[in-house]
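This report concerns only the one structure given below.
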Amino acid sequence: MSSPLHNQVEQAYAELEKKRAALSEVQGSLAGASSTVQSRNRAVAVTMSSRGVVTEIKFPTGAHRTMASAELGALLVETIEAAREEAMRRTMSAFEGLLPSGLPTADLLMGDGTDAGLDLEALVSEALRASGGGAPGTGAR
């Protein structure tokens with residue numbers, strides 16, 4: 001016979017598994033996603049992956065040929081940053097519906113500068129250790 005507490009733990013674990021599956025689905029859909037931003041003068045276009053990696057830089061108009069190197073450099077930096085912000089906005093938007101309200105989504109996705117962001121597996125493992133056992137139904141306690 002199961003205790004009410006055991007039933008609550010089972011339900012919480014089932015909900016956690018659903019959330020983890022949904023997060024994995026979002027991560028998979030973002031794996032190939034990218035954002036392209038064009039500079040204000042249309043001289044530069046930068047494509048950024050959902051993880052903030054520059055995947056392409058184009059010079060669609062040829063206007064870069066007449067720009068001073070410092071001007072072109074500043075334009076590249078500005079456009080790369082705009083592309084990174086757009087990619088992060090889209091990534092955060094994809095995750096926000098899955099995460100509890102009030103969580104700092106940007107911090108979870110980007111990390112705090114000392115790590116690579118949210119490690120869901122480590123979070124789940126730590127929660128299970130703190131609860132005194134393994135996953136419900138596995139016999140690990």
Side-chain angles (χ1 to χ4, degrees), residues 1-65 67-141:
M1 183 172 200
S2 296
S3 71
L5 180 59
H6 184 268
N7 291 341
Q8 287 177 341
V9 170
E10 289 282 340
Q11 287 175 333
Y13 187 75
E15 183 62 30
L16 177 64
E17 286 299 314
K18 286 180 190 174
K19 287 285 189 180
R20 184 164 51 177
L23 281 169
S24 292
E25 186 177 317
V26 168
Q27 287 174 324
S29 71
L30 288 173
S34 64
S35 298
T36 301
V37 173
Q38 205 163 47
S39 64
R40 64 188 182 289
N41 66 357
R42 304 199 184 285
V44 177
V46 174
T47 301
M48 183 82 56
S49 75
S50 62
R51 296 194 178 268
V53 175
V54 175
T55 58
E56 185 174 47
I57 297 175
K58 288 184 177 181
F59 301 97
T61 65
H64 67 286
R65 291 186 183 111
M67 297 174 77
S69 60
E71 181 184 9
L72 179 58
L75 188 62
L76 277 167
V77 169
E78 177 184 304
T79 309
I80 288 169
E81 186 56 32
R84 182 172 287 119
E85 288 173 6
E86 175 64 16
M88 189 52 55
R89 184 191 64 71
R90 287 184 178 189
T91 300
M92 286 189 301
S93 172
F95 279 102
E96 279 180 335
L98 299 174
L99 298 173
S101 61
L103 281 179
T105 308
D107 292 343
L108 291 172
L109 293 175
M110 296 187 309
D112 63 3
T114 60
D115 66 325
L118 178 63
D119 183 349
L120 187 58
E121 294 300 322
L123 259 157
V124 171
S125 296
E126 181 59 31
L128 290 172
R129 271 194 301 281
S131 70
T138 63
R141 297 272 183 241

Can you confirm whether V44 sits close enough to M67 that some side-chain heavy atom of one is under 4.5 Å from a side-chain heavy atom of the other? no
Of V54, I57, V46, the one forming a side-chain contact (heavy atoms from CB on, under 4.5 Å) with T79 is V46
Run the numbers on E86 and R90 for salt bridge (charged side-chain N to carboxylate O under 4.0 Å, His left out), then give the verdict. CA-CA 6 Å; E86 175 64 16; R90 287 184 178 189; 2.9 Å; yes
To the nearest 0.5 Å, how far apart are [atom1] in [X] and [atom2] in [Y]?
| X | Y | atom1 | atom2 | value |
| --- | --- | --- | --- | --- |
| S35 | R84 | OG | CZ | 12.0 Å |
| L16 | Q11 | CG | CD | 13.5 Å |
| Q27 | R20 | CD | CZ | 11.0 Å |
| K18 | L23 | NZ | CG | 14.5 Å |
| L72 | R65 | CG | CZ | 11.5 Å |

Check this for me: E81, atom CD, are more than 12 non-hydrogen atoms of other residues, nucleotides or ligands nearer than 6.0 Å? yes
Testing the basics here: between T91 and S50, what is the closest heavy-atom pair and its distance to 0.1 Å? OG1-O, 3.2 Å
How close do K58 and P60 get, heavy atom to heavy atom, and via which atoms? O-CD, 3.3 Å
Got a sec, which residues hit salt bridge (Lys or Arg N to Asp or Glu O under 4.0 Å) with R42, two or more places apart in sequence or on another chain? none
Applying salt bridge (Lys or Arg N to Asp or Glu O under 4.0 Å), name anything that partners R51, two or more places apart in sequence or on another chain. none
Does T47 use its side chain to pair, donor to acceptor, with the backbone of T55 at less than 3.5 Å? no
